Amino acid sequence: MVKNWKLGKLVSAIIEKSWPRDAHGHYQEGEEAILQHMLSWTAAKNIFHLHGADEKLISKLTDEAKERIVVASSAFSAISNQVLRGTIEIKQLNHILQNKSTFIELLKIDCLSDSPRCKESSSMKRLLQWRYDEVKAVYNERELVQSLITMFHKLQEHIAVDMRKLEEKHQINIEEMTLDEFMEVHQFDELSSDLTGVVTYFDLEDIKEMARVLRMLKDSFIFCMCWENQAKDLSKRNQHGNLIDEDDDSSEEEEVIEVQTVATPTVIQRDIFQPCYLKYQKIYSDLKSGGLKLEEVDVIFRDYKGKYEELRKELEFMCRTDRSEDQNWIQRRTQQIEQYHEIHLAVESALVIKKVKQTLCPQGDFKVLEILLEVADVNFKKENLDRIDNSLMQAKKDLVDITEPRRQCLQELAERKNFVLWVKEALEDINELKVFVDLASISAGENDLDVDRVACFHDAVLGYSSMLYELKPDSGFGAFKELLKKLWKALDNDHNLPKKLRDTARHLEWLKTVKDSHGSVELSSLSLAAAINNKGIYIISAQHLKKLSLDNALTLKIPEEHDEGIEMRCYTLEDLRELQNKLMLMSGKGEQGQGEVDQFAEVFAGVQRLTVAFVDLYAAGNPLFRHWEANINCSGLSGRPAAGIIMDFNLSGVVGEIMVEGNMLEQLHDLCRKMEQCLDFWKAFIDQQRSQYYYLNYYTAEQIVYLCNRLIQKNLKDLESQTLMMLSFIKPNCRIHDLRQTWHTLQYKLITTAPERNEDIDFQTFVEVPGSMEAGSTFEGDGADLQSLVEQASGSQKLDLVWNAYMRDMQSVLPDSLDVRNLGKLLEILANQEEDDEDEEEEEYMLSEKNKKGIFRTLPKGLVSGRPNLIICPRAEVLTSCISVYMSSRSEPLPTYDEVLLCNATTPYEQVELFLRRCLIAGYCGEKIYTLLHAEDLAYEASCKVEQLFQRLETQCNKPYKLVIICSADREHAYIPSAFSKYRLHMVPMEPLGQIQSYLSRHYTVPKEEASASAVFRNRMFVGVVTSKRAGVGKSLYIQRLYKELKKSTKRPSLLKCIRLIEPTVDENSILQSLLNSPKKELTIFHFDITSSVQKGLHEFLFKLLVLQYLMDSEGRMWKCSNKHLYAIEILQSARNIPQNGTRPNANAQIDFLDVFPKVFCRPPKEILEMEMRMRNNPSIQTEDPLMDDQEFRSEAFQRPYQYLTRFYNGISLDNFMYNGVEGTHVECLQMFFVYCGIMDPSWAELRNFAWFLNLQLRDCETSVFCQMDFVGDTLMGFKNFVVDFMILMAKDFATPSLSISDQSPGRQHVDLAGATEADLAPFRIRKRWECEPHPYIFFNDDHISMTFIGFHLKVNEQNEVDAIDPSKKT
């Protein structure tokens, strides 16, 4: 009894533990779960045998176990009955079929099945086999449906397809459906019918054959292509109203599809599948037999080019249609198709070789080409695939190595027949090539273009020499093929060989000339002159030129004919002058030769004269000739009716091209004379306008043209910042709003006042042609009228009409540009315009700039008005003397662009002219002092013109002008000091340095109410010099800290722009370009980093930038300094009183120019330490210069080394120490660094290098497991101190420079080593100990954990342990 109870308890536990549960721990009750459990439960058979055999044992089971037994028995019995009837779900049946033997064994247990048939294993096996076949049929039928849907989807692009029923049934989950829903299932004791086991659910009876074929061929590319093509054909027939169903046995019940009708599967089978399958089978049979047409191969196998392994698999697909085992034909057809695809390359090569044969004319056997050229015949595509036979493949093989580059090489040879024939005639063999090249080189002379032509000819002929000279007249294809190998070798050595042949063939005429002249420079020059006289075209133009000059305004083009057409050969002015020199050195070669020379020289001189007149008109700022072009056709000398000169002003809508007929040479001289008259007319007009409109004298001719093009009303909305900056010199802080008001005022004046008449117009225009325009008439701007007048005129009189029309009414001829007269009026209105009350305080920061009556200055004592004041002083004092001149009027603003002109050897006369006009012409309401600096440096020609202009303007001047000329004593005998020597003053205005500094500081200070980047600099000054005695002491860092402070203190857009000056001479053009290219931010710090290599022009540049507060480049672009920005100059302090331009020192010079500006002095760490110690001892000591940077002091790079060095110095164990937070003071930190850095007086850069390197090593030391006591315990106690000791040594060595470098001291110093002692040579010796005396190092590796030991010497001691020793002392 007890035994049964224990067994029952055990069985109950087995049943309950093994029964499947859900996520909540409850027993699963479903039939599917019970079935899976029964089939997978290995103890099921034994448990249920007990249930049937031992009732007493069952009674001992727990209630839960009994319930599980009953549920399992009931469920299994129901499932077995479903299997018998075929009503079981597919997924349950799949479980049973996967565990068929287990299921049969369970059926034999009485409690699990009531049917006797279930006890028979053979019957159940037969039944389960039926069920297996039935399930398999269901899945097979579903695959057929899937194939149909896949293929039908490909048709939908062309026709509408009805797939709703198929898709609905395909979307059902067959796993959850019962087997008898799909078919009539097999039953025990019942005879099977024809439909038993046949799937009827999917209704595929009528289209099953199509479905089977589609499943078999759905992955075949060719079948899918036929399938889609058939759909396209059906779609086209539908669009034409044809019926899809054309012939069918049932005449009355025909199924037809008209346009837009949806195709059913049955219709698709009949009208798409059946024709498609028949076509596919025909392709297969033709392909197998080799009867497939080549034109069909092009279409069917087009996409298999280069994919022949995929083609082989495709052909294996096709074999499925007849289930043939013979697949030997596949390899042959694949090879044939591959060869056919590649044969076109050989055919192209054959065509090229045929052309080469026609060019070189060999008469041998070229039958191989004929075989390949048959392929190029139109009827070849009609041949069968078997036409690709061995003979064709062999012919293709002969040309298979001709790649595309090689074919291009032969193509060039074939197309240059004229060149080839000439070369073979002119050079009988390759040996003559060198002789000809030498002759051609003599003819080329130093002309780079001709030298390149000779080299190109040499390479081309030498590269193709095998074809040109080694191919015999009776050579056949075999010999031709052998010679090709040499050509291929030449092509491999020079990939540009075809291009060289093409280029040299273009120059055949030039080569013929060289041949005819036999290398004579005289004959080749004469030949070129004759070509120019016969067909040369001179072109004068300023189009696409950034800066116009005589050298780039004139070009010559000569048309040359070659195989590809006509090419223009170009010559520059330099080339033409070289040719002229050669011709002038020649003796006459007969009357004809001398005539060619004279004609060329006369025409060339006239063209140069015309070009000079044009360039001068362009430089004088004449807008009419801004886009003028002229073509002088030398062929016009022959007297042909074609125009010899064609001019175009590019005035769209006003006048078109102007053709000057008649004798070209006569018209050229006449045109030159009139262009020179136009220049004189224009200069007189501009002189008149500059005298009448004072503010035109602020701008050069180029700048006036720029302003005339920009200051038209339609451009005011998007005006360039450069325009506003240029206008700010006459209207401070000029805005677009000011320009709009000025324009309104100008328009009102033009409307309300009578137009001004130019009294001198008759002296600025040509005499009118009778009948063309009445004297005094006004051109109204009718382009058609001017065009017709020009067409009626003859010769150069056409230029007269255009010029007169322009001078009488400039606005009508150039409507998109402001004329000079109106620009003068506009500038005058703008300069005298009053400020708006609401913006006055925001816009102006100087009291004098708010004065509406202008600037009034007084001359210093000793200087007089109404005459020039010539001052001669040392060069070093010129700039400070200029500042002193203006200090007599301290309340007025600093002088700027219009009052001071700083001259040098390149200063153009125009700038000095404008300066004198501003000084001597009335028009300004105030009284300014005009100062000319370094006038002695002006060029001689400019100086002469300046003297003449001054004398002329002074006689016309009726105001007490104030003119000061300051020259250097070094060149007091130059032209200007000599010419004005009678005005020389024997005194030099020079204020004390302190007063100059105070004067400039007052003008540099920005009021607190104005937003400015100067807010972060000393006393809100927007100019500052940051200097030091040596490099690397924190000047750049100081400026960076200013920018960070600026970003913190304002939300306005800000920028730090660094401009580095490194060239020996200051290039103001590049500096101005950098300023103009910088992003436009409201508050900007401009950092000018001036290196010690800058030697010339520095003081002059700083004077313009910081005192005159402007820069201007050679193109007229300008920069005006703004007090909203901060201009920080970083520079090393130079030796006092050293002049800038290489002159000898002057003992009387007392002021270094840099000292006049607000200055910040950066000191090295040693001086900072001394200062901070004094300030700590005496808090009353204050300084505005930077001390140790607190941000650097608090940084990890300084704090970690400082904290370790402090503890190491004090002998404190570092084993448990880790860097954390900020400790100490500036003084303590510097003191500790000085102890260990190894340099007596380091720079901040050297000190930072020492700290930075040591910090990296110490950081790795903290993270290394070998230096953490938690890991090494007492095994390596003191090891961290040992490591840090060597790290300090290595950081000291790496931070020490090898030699004294020049940047450590201001400027370059000359050292005399005569009699030098060892102490004198010490600074030049190697400082780093590791470079001359190796010693041990420890440093951490890239993994930041392990370390490397270098230079350690080890020795085993008496205790059999290892000691590190000093090898020199053996201790």
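Position 1 is the first residue of the sequence, and the numbers go up from there. Model, not experiment: these values are computed from the prediction.
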Engineer: Got a second to check how far Glu209's CD is from Gln274's CD, nearest 0.5 Å?
Structural biologist: 10.5 Å
Engineer: Return the set of residues passing salt bridge (Lys or Arg N to Asp or Glu O under 4.0 Å) with Arg142 (not counting sequence neighbours), or none when no residue passes.
Structural biologist: none
Engineer: If every non-hydrogen atom of Glu134 is compared with every non-hydrogen atom of Val185, which pair is closest and at what distance?
Structural biologist: OE2-CA, 3.5 Å
Engineer: Using 0.5 Å steps for rounding, measure from the CG atom of Asp271 to the OG1 atom of Thr266.
Structural biologist: 10.5 Å
Engineer: If every non-hydrogen atom of Ile268 is compared with every non-hydrogen atom of Ala263, which pair is closest and at what distance?
Structural biologist: CG1-CB, 4.0 Å
Engineer: Hey, mind stepping through His95 and Ile88 against side-chain contact (heavy atoms from CB on, under 4.5 Å) and telling me if it holds?
Structural biologist: CA-CA 11 Å; His95 292 314; Ile88 188 170; over 6 Å; no
Engineer: I need the Leu148 CG to Leu144 CG distance, nearest 0.5 Å.
Structural biologist: 7.0 Å
Engineer: Provide the closest heavy-atom pair for Leu97 versus Leu128 in the form atom of the first, atom of the second, distance.
Structural biologist: CD2-O, 3.6 Å
Engineer: Can you list everything that forms a ring-ring contact (aromatic ring centres under 6.0 Å, His included) with Trp130? Sequence neighbours excluded, please.
Structural biologist: His186
Engineer: Do you know the tightest heavy-atom contact between Ile174 and Ile90?
Structural biologist: O-CG1, 3.1 Å
Engineer: Can you list everything that forms a salt bridge (Lys or Arg N to Asp or Glu O under 4.0 Å) with Glu141? Sequence neighbours excluded, please.
Structural biologist: Lys208
Engineer: Is Gln92 reaching over with its side chain to a backbone N or O of Glu89, donor-acceptor style, under 3.5 angstrom?
Structural biologist: no
Engineer: With a 3.5 Å cut-off and no angle check, do the side chains of Glu184 and Thr196 form a donor-acceptor pair?
Structural biologist: yes
Engineer: Are Ile159 and Ile272 side-chain neighbours, meaning at least one heavy-atom pair lies under 4.5 Å?
Structural biologist: yes
Engineer: Can you tell me how far apart CD (Gln269) and OG1 (Thr264) are? Round to the nearest 0.5 Å.
Structural biologist: 10.0 Å
Engineer: Asp233: what forms a salt bridge (Lys or Arg N to Asp or Glu O under 4.0 Å) with it, not counting sequence neighbours?
Structural biologist: none
Engineer: May I ask you to check whether Asp133 and Gln129 show a side-chain donor-acceptor distance below 3.5 Å?
Structural biologist: yes
Engineer: Looking at every heavy atom in both Arg270 and Pro275, which two are closest together, and how far apart are they?
Structural biologist: O-CD, 3.4 Å
Engineer: Measure the spacing between CG of Asn173 and CE of Met177 and express it to the nearest 0.5 Å.
Structural biologist: 9.5 Å
Engineer: What are the two closest non-hydrogen atoms of Leu166 and Val145, and how far apart are they?
Structural biologist: O-CG1, 3.8 Å
Engineer: Run the numbers on Met183 and Val198 for side-chain contact (heavy atoms from CB on, under 4.5 Å), then give the verdict.
Structural biologist: CA-CA 6 Å; Met183 65 179 77; Val198 177; 5.8 Å; no
Engineer: In a table with atom names and distances, give each donor-acceptor pair under 3.5 Å that connects a side chain of residues 221-228 to protein atoms at least two apart or in another chain.
Structural biologist:
{"residue": "Trp227", "atom": "NE1", "partner": "Met151", "partner atom": "O", "Å": "2.9"}

Engineer: Go through it in stages, so that I can follow the logic: the residues are Gln146 and Thr150, the test is side-chain contact (heavy atoms from CB on, under 4.5 Å), and I'd like the CA-CA distance, side-chain angles, deciding distance and then a yes or no.
Structural biologist: CA-CA 6 Å; Gln146 174 66 44; Thr150 300; 3.1 Å; yes
Engineer: Can you check side-chain contact (heavy atoms from CB on, under 4.5 Å) on Thr178 and Gln82, steps first, answer last?
Structural biologist: CA-CA 9 Å; Thr178 59; Gln82 292 173 8; over 6 Å; no
Engineer: May I ask you to check whether Glu143 and Ser147 show a side-chain donor-acceptor distance below 3.5 Å?
Structural biologist: no
Engineer: Name all residues meeting the ring-ring contact (aromatic ring centres under 6.0 Å, His included) criterion together with Tyr132; count only those two or more places apart in sequence or in a different chain, and write none if there are none.
Structural biologist: none
